[in-house]
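One structure is given here, and the rest of the page talks about it.
Sequence lines set the chain letters: A, B, ... in the order given, protein chains first and strands last, and positions in each chain run from 1.
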Amino acid sequence: MEELVVEVTRTDEKGNQKLQSFNVPKDKVSTVLEALLYIKENMDPSLSFRYSCRMEICGSCGMEIDGKPHMACSTTIESLKSDKVKVAPMKHYKVIRDLAVDMEGFFGKYKEVKPYIIRDDENGKYESEILQTPAQFDEFIDYSMCIKCGICMAACPIEGSDPDYLGPAPLTAIWRYVADSRDQGAKYRLEVASGPEGTSRCHFVGECTEACPKGVDPSYAIQKLRGSMVKYEFQSLFRRH
Amino acid sequence: MVEENVKNLREGPMGWAKFYRKGIGYFAFAMHRFSGLVIVFYLYLHLFVLSHLLVGKATYNSLVTSVTYGPFDSFLVLDVLLALVIFYHGANGTRLALNELGIGLENNKAMFYVFEVISMVLLGIFLYYAYMFLGAS
Ligand code: SF4
Ligand code: FES
C-alpha cells in the first residue's frame, strides 16, 4: 500500500519544538487535512490543529505546507506530487500548540479598520433602500470574498519583520469598504491606511496574492488604496477643515 | 509559553531573502533590498574615500592608486557589479512607483521583466561606452 509521510512540526505546552513523522495510507486520505485527521484518529490523538468547514469557507485550517502557507482542507495529496509532505504552523503567528496558532493579533488588526459599513445616517435609519448598480457592486465584490484565514499575513515578508504592520488582509478590508458606494467611512479608513503601519509599509512583493486561497488579490487592493489616498490627500489641500 | 514562540515564527529581515519557490514579485523584492543595501554601502565607502581629500591631495591620490591601477584591476569588476545593482534597482524602483500610482498595475509582472530587460540593455550600452572611455584614457 502506498504511504504518505507526513512530517509535522510539533510544539508542546512549554514551547519546545520537534519534528515527528507519520506514515499515512494514501488511499485513505485525499487532502492534507484528512491526513492530519487520520493521524489524530488512528495514531496520535494529541496532535492539535484547527479546522471546521473542511471546504475552504471557515478560514481556520491555514498552515505551512511544504514551506508555503495553504489551507489544509483544499490542498489535495495529488497536488503535492510527492510521497512526503512537511506541515508546520503558519509563520508570523504565535503557536498555541502544534499547528494551532493564535489569531488574536490578526483579528485585532482587522477590527482596527472597522470592517463594516459606516453610514452618516442617524442610528442606521435610512430614508429609503441604498441602491447599487451592478458596476458599483463589481467594484468591491472580489475583495469581500476574504475568509479571514490570515494566510496572506503568513506569506508577507514585511509582516514577518514588522509585527505592527497592518498587513494584507486588513488593508484589503479598507479598500473593500472604500470601494463600496454605500460606505461613508472613507475619512477614518484612509487615515488608518495612511498611518505609519499602513500602505507605506507595503513593498508590493505580491506574495499575499500568490498565497490567497480565495483569489482576493490583496496586493492589488493595497495599490488601489494607495491611489485613493493620494487623491484624498490632494483633495484635502483644497478642503476647508 | 506563547510569547517564547513568537521568535520562532517571525522570520525577521532574514525572511526577505527567501525568494526560492515564491512568486517573481518576491524575487524582485529580495533583489531590490539587496541592491539597495549594496548602494548604501557603496555610498558610505565613496564618502569615506572622498573624505581623504580633507587630509590632502597626496593622501587621496595614494589611496586611489593603491586600489585602482591597470585597466583590469579588481575594482573594475566591482564597478561593473555596482553598475549592475544600480541599473536593477533603478528599473525596479521606477516600475514600483508607476504600479503604485496605478500605472501598469494589471500587468505588473510583465512590467518587471520588460523594465529589467531594458535596464540590462542600457547597462550594456553604458559598459560599452565606459570601456571605450577607459581604453581611450
Ligand atoms: S485576503 Fe485571502 S489570504 Fe488574506 S485573509 Fe483574506 S482570504 Fe485569507
Ligand atoms: S476547514 Fe474551513 S477553511 Fe479549511
Taking every non-hydrogen pair under 4.5 Å, which of A:G206, A:G227, A:C202, A:P163 racks up the most with chain B? A:P163
Heavy-atom neighbours of A:K214 NZ exceed 12 at 6.0 Å: yes
Assert top hit (heavy-atom pairs under 4.5 Å, partner chain A, pool B:P13, B:G12, B:A30, B:G15) equals B:G12
Any carboxylate oxygen within less than 4.0 angstrom of a Lys/Arg side-chain nitrogen, looking at A:E207 and B:K22? no
Distance-only, no hydrogens or angles: does the A:K68 side chain make a donor-acceptor pair with backbone N or O of B:R21 under 3.5 Å? yes
Is it the side chain or the backbone of B:K109 that comes within 4.5 Å of chain A heavy atoms, both, or neither? side chain
Counting only heavy atoms from other residues, nucleotides and ligands, does the tally under 6.0 Å from OH of A:Y232 exceed 12? yes
Got a sec: does the CZ of A:F137 have more than 12 other heavy atoms crowding it under 6.0 Å? no
Contacting region of A:D66 [heavy-atom separation from chain B under 4.5 Å]: both
At what distance, to the nearest 0.5 angstrom, does CZ of A:F204 lie from NE2 of B:H32? 13.0 Å
Going from CG on A:D217 to CG on B:L105, what distance comes out if it is rounded to the nearest 0.5 angstrom? 8.0 Å
What is the distance from atom CD of A:Q223 to atom CG of B:L98, rounded to the nearest 0.5 Å? 12.0 Å
Please name the pair of heavy atoms, one in B:W16 and one in A:P157, separated by the smallest distance, quoted to 0.1 Å. NE1-O, 3.6 Å
Does the side chain of A:Y220 pick up a donor-acceptor pair with the side chain of B:E106 at under 3.5 Å? yes
What part of B:R33 is in contact with chain A, defined as an atom under 4.5 angstrom from a non-hydrogen atom: side chain, backbone, both or neither? side chain
Check: A:H92 main-chain N/O paired with B:R10 side-chain donor or acceptor under 3.5 Å: yes
If I measure from the heavy atoms of chain B, does A:E159 come under 4.5 Å with its side chain, its backbone, both, or neither? both
Identify which part of A:A155 has an atom lying under 4.5 Å from any heavy atom of chain B, answering side chain, backbone, both or neither. backbone
